[in-house]
Amino acid sequence: MDIRFYNTLHRSKEPFQTRDPGRVGMYVCGPTVYDDAHIGHARAYVAFDVLARFLRFAGFEVTYVRNYTDIDDKVIHRAREAGTTHGELAQRYIDRYREDMERLRVLEPDVTPRVTDHLTEIVAMVQALVERGHGYVLDDGVYFSIRSYNGYGRLSGRKLDEMMVGARVEVDDQKHDPLDFALWKLAKPDEPSWPSPWGPGRPGWHIECSAMSLKYLGPGFDIHGGGMDLIFPHHENEIAQSVCATGREFVRTWMHNGFVNVNKEKMSKSLGNFFTIRQAAELVDAEAIRLFLLGTHYRGPVQFDVELSPEGGLVGFPGLVEAERRLAYGYETVRRLARTEAQLAAKHAPGAAPEALLGAAATFDEALRSALADDLNHAEALGHLATLQRTANDFLDRAKEHPPAARLAAVRRLREALATAAGVLGVFERDADGALGGIGACGLRRVGVPVAELDDAIRRRTEARRTKDFAAADRIRAELLERGIELMDAPGGTEWRVVKG
RNA sequence: GGCGCCGUAGCCAAGUGGUAAGGCAGAGGUCUGCAAAACCUCCAUCAGGGGUUCGAUCCCCCUCGGCGCCUCCA
């Protein structure tokens with residue numbers, strides 16, 4: 001398969017070539033665990049989850065490493081505020097983060113290293129840098145000298161002398177260069193610390209990702225990813241340290257996801273305009289968040305619109321509700337196919353599926369593959385998926401036109417194509433009944449209608465219809481619609497769905 | 001001051017040097033007690049101007065309008 005990815009380092013799409021044939025090592029910068037993950041985190045980890053899934057689908061043996069930064073200034077401060085230790089605080093947020101990822105159907109990476117478990121590697125790396133003349137010791141820590149690495153600035157595309165250094169950063173005149181950064185921070189009183197040749201302290205930001213990625217993947221590994229905001233200085237610094245410490249190439253392909261925007265502005269902690277995954281998952285089925293995020297190519301900005309009340313309170317997320325509707329559509333399609341297959345399989349053996357349908361399925365398989373192979377275009381892939389779903393429903397609507405044996409084969413082929421897409425994209429993978437139940441429950445919670453009340457209304461309306469009292473039946477339906485619930489009379493009984501955001 | 005991104009239908013959003021996927025909303029149908037669901041049909045010339053080209057939405061330049069990074073951030 002001809003796979004191309006956009007490499008931030010070269011600012012262009014290029015053919016993907018691995019260091020070792022058939023194998024991919026990828027490292028993604030994970031969260032600093034001092035707070036709940038927000039939609040921006042969700043975006044990054046969903047995108048790289050699809051990347052890992054796709055690479056496996058393409059036949060590679062993938063080693064996916066995603067770290068937890070469990071010690072840094074923010075962790076220390078937050079733990080202090082909360083009256084706990086950094087270790088307990090970090091563990092709490094790692095647990096919560098794991099729950100969030102599970103709800104987003106982000107698969108657990110192969111290795112999830114924590115900084116505090118890798119002090120040995122980190123200290124050794126700092127030591128190597130000092131020995132090679134790239135690090136120097138000041139009274140509060142060890143620093144990396146960016147002027148000692150002539151490739152500095154290559155990733156972020158900037159020249160050292162053109163940056164407005166000092167405009168926003170307080171210049172520490174002890175440092176040899178304002179852009180020099182800490183490799184090791186000596187501990188102040190009451191700060192957690194680990195022993196080192198320079199005294200007790202903790203790792204600076206950046207060094208942990210270099211040390212851990214190199215430990216698990218080795219120099220010159222294939223893909224390093226993260227949000228675009230990490231390009232500078234984090235990834236730039238990682239490259240500098242790693243190349244200087246090992247004397248070898250660090251990473252082949254750098255991939256960065258775009259931001260999540262709220263009202264056109266970047267969602268960020270400092271602006272305070274962020275929403276956590278948990279907040280969103282209270283209002284919609286969490287898989288809808290994933291589907292929503294996958295609707296935009298991973299490098300572009302995602303418009304995450306928020307509906308606010310006149311007083312400024314959170315009302316809802318229209319985009320997520322729309323995505324949830326598509327989610328329900330997808331699962332309903334899967335369920336129709338499954339039920340039809342079960343009915344047919346009980347009485348018939350599969351025959352030859354109609355040519356047109358086989359063609360549509362084959363076209364889809366190829367379109368899915370080539371969309372993802374072209375810089376992981378999951379947004380395009382979802383477009384193809386929508387087309388296949390429509391094809392499936394159309395086929396089911398007109399199924400009687402074909403003999404049962406052909407129908408059975410066709411339904412199986414459709415299910416196979418949909419399952420492949422589900423596995424690669426990580427959507428529509430759940431049991432359809434369970435997923436639809438969950439989506440319905442979310443909707444009822446949103447509109448504030450108890451299930452018992454809904455069931456009762458449906459019962460009363462069914463009775464009214466039985467006695468042909470259509471006026472009464474229509475009244476009940478209108479009342480429910482007013483409250484955001486739409487009824488649908490299906491052959492097997494009355495079904496419902498929530499139509500209000 | 002430097003570097004960079006974006007502007008595609010009411011909204012969200014792919015994409016390509018040869019006349020623009022998909023979704024939501026909307027209109028008209030099939031179906032239905034009526035509806036809904038599902039399906040069918042319809043619905044854009046790609047911010048503006050100039051240039052290159054046989055031909056540009058896609059390449060170049062300019063203008064306007066958004067935004068990002070250069071500080072912690074996915």
Side-chain angles (χ1 to χ4, degrees), chain A residues 11 28-32 35 37-48 72-74 153 156-170 179 205 225-234 236 256-261 263-271 274 291-292 294-305 318-319 321-323 325-326 328-329 332-333 336 367 371 374 377-398 465 468-471 473-474 477-478 481 485-491 494-497 499:
Chain A
R11 318 221 157 215
V28 171
C29 289
T32 299
D35 205 352
H38 57 65
I39 304 296
H41 295 99
R43 184 177 199 202
Y45 303 126
V46 165
F48 288 108
D72 89 324
D73 292 3
K74 291 190 293 289
S156 51
R158 52 192 90 210
K159 299 184 178 73
L160 294 181
D161 301 323
E162 284 170 352
M163 289 193 270
M164 270 179 89
V165 171
R168 294 166 78 184
V169 191
E170 214 172 301
L179 287 173
W205 185 42
M228 277 173 56
D229 44 0
L230 296 180
I231 294 172
F232 189 91
H234 186 55
E236 195 71 74
H256 295 94
N257 64 274
F259 297 130
V260 173
N261 288 163
N263 298 328
K264 307 268 180 188
E265 281 188 321
K266 176 186 169 185
M267 179 184 290
S268 75
K269 296 255 173 168
S270 45
L271 285 170
F274 64 92
L291 189 61
F292 171 80
L294 290 178
T296 303
H297 182 87
Y298 78 92
R299 281 194 291 112
V302 165
Q303 296 307 328
F304 185 75
D305 287 328
V321 172
E322 185 185 320
R325 194 161 300 148
R326 289 305 295 172
Y329 169 82
E332 274 158 9
T333 303
R336 279 185 83 186
D374 182 12
N377 198 335
H378 44 72
E380 185 192 331
L382 283 182
H384 297 308
L385 179 59
T387 301
L388 184 72
Q389 288 168 328
R390 186 154 27 80
T391 300
N393 278 304
D394 183 35
F395 181 81
L396 291 170
D397 279 0
R398 299 185 295 108
R465 289 182 73 215
K468 299 262 194 268
D469 184 357
F470 292 123
D474 289 350
R477 186 170 59 195
L481 187 59
I485 297 165
E486 195 162 62
L487 298 185
M488 304 171 288
D489 296 322
T494 298
E495 291 170 4
W496 54 270
R497 67 171 191 147
V499 292

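Chain letters run A, B, ... following the sequence lines, proteins first, then strands; residues in each count from 1.
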Run the numbers on A:Gln389 and A:Thr333 for side-chain hydrogen bond (donor to acceptor under 3.5 Å, both in side chains), then give the verdict.
CA-CA 7 Å; A:Gln389 288 168 328; A:Thr333 303; 5.4 Å; no
Start with the C-alpha gap between A:Asp229 and A:Lys266, add the side-chain angles, then the distance that decides, and say whether side-chain contact (heavy atoms from CB on, under 4.5 Å) holds.
CA-CA 10 Å; A:Asp229 44 0; A:Lys266 176 186 169 185; 3.7 Å; yes
Same-atom distance ([atom1]) from [N] to [M], integer angstrom:
| N | M | atom1 | answer |
| --- | --- | --- | --- |
| B:A44 | B:G7 | C1' | 15 Å |
| B:A35 | B:U30 | C1' | 15 Å |
| B:C62 | B:A74 | P | 36 Å |
| B:A27 | B:U8 | C1' | 23 Å |
| B:C46 | B:A56 | C1' | 11 Å |

Spacing between [X] atom [atom1] and [N] atom [atom2], to the nearest angstrom:
| X | N | atom1 | atom2 | value |
| --- | --- | --- | --- | --- |
| A:Asp397 | B:U32 | CG | C1' | 14 Å |
| A:Glu332 | B:A36 | CD | P | 15 Å |
| A:Asp394 | B:G22 | CG | P | 15 Å |
| A:Asp305 | B:C24 | CG | P | 18 Å |
| A:His297 | B:C5 | NE2 | P | 14 Å |
| A:Tyr298 | B:A14 | OH | P | 13 Å |
| A:Leu230 | B:G4 | CG | P | 20 Å |
| A:Leu487 | B:G33 | CG | P | 16 Å |

Need the pair for [N]. Rule: Watson-Crick or G-U wobble, both distances under 3.5 Å, any strand; none if unpaired.
| N | answer |
| --- | --- |
| B:G1 | B:C70 |
| B:U57 | none |
| B:G65 | B:C6 |
| B:A21 | none |
| B:A27 | B:U41 |

Name the residue closer to the 5' end of RNA chain B, choosing between A:Glu322 and A:Gly157 according to the nucleotide with the nearest heavy atom.
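Comparing both residues, the 5'-ward one is A:Gly157.
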With nearest nucleotide decided by heavy atoms, which residue, A:Gly40 or A:Arg398, maps closer to the 5′ end of RNA chain B?
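This one resolves to A:Arg398.
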Choose from [options] the nucleotide whose nearest atom is closest to any side-chain atom of [X].
| X | options | value |
| --- | --- | --- |
| A:Arg336 | B:C72, B:A38, B:A36 | B:A38 |
| A:Gln303 | B:A35, B:A38, B:C12 | B:C12 |
| A:Tyr329 | B:C39, B:G33, B:G23 | B:C39 |

Base, sugar-phosphate, or nothing: which does A:Lys74 touch, judged by heavy atoms less than 4.0 Å apart?
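Sugar-phosphate, backbone atoms only, no base.
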Within this structure, what is the CZ-CZ distance for the pair A:Phe48 and A:Arg43, rounded to the nearest 0.5 Å?
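These two atoms lie 10.0 Å from each other.
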As a quick check of understanding, evaluate side-chain contact (heavy atoms from CB on, under 4.5 Å) for A:Arg390 and A:Tyr329, giving each step before the final call.
CA-CA 10 Å; A:Arg390 186 154 27 80; A:Tyr329 169 82; 4.1 Å; yes
So does [X] get a side-chain nitrogen or oxygen closer than 4.0 Å to the phosphate oxygens (OP1/OP2) of [N]?
| X | N | value |
| --- | --- | --- |
| A:Asn393 | B:C39 | yes |
| A:Arg11 | B:G4 | no |
| A:Arg325 | B:A25 | yes |
| A:Arg465 | B:C34 | no |

Determine the interplanar angle of the A:Phe304 and A:Phe292 rings, folded into 0 to 90°, and report it as parallel if under 30°, tilted if 30 to 60°, perpendicular if over 60°.
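It falls in the perpendicular class, over 60°.
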For nucleotides 67-69 of chain B, list the nitrogen or oxygen atoms of the protein found under 3.5 Å from its nitrogen or oxygen atoms, one pair per line.
from  : atom 1 : to       : atom 2 : distance (Å)
B:C69 : OP1    : A:Lys266 : NZ     : 3.2
B:C69 : O2'    : A:Arg158 : NH2    : 3.3

Please evaluate the base of B:A35 for a donor-acceptor partner in the side chain of A:Arg477 within a cut-off of under 3.5 Å?
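Yes.
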Between protein and nucleic acid, restricted to nucleotides 19-21 of chain B and to nitrogen or oxygen atoms under 3.5 Å apart, what atom pairs and distances do you find?
none

Considering only heavy atoms from C-beta outward, does the side chain of A:Arg477 approach that of A:Thr494 to under 4.5 Å?
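Not in contact.
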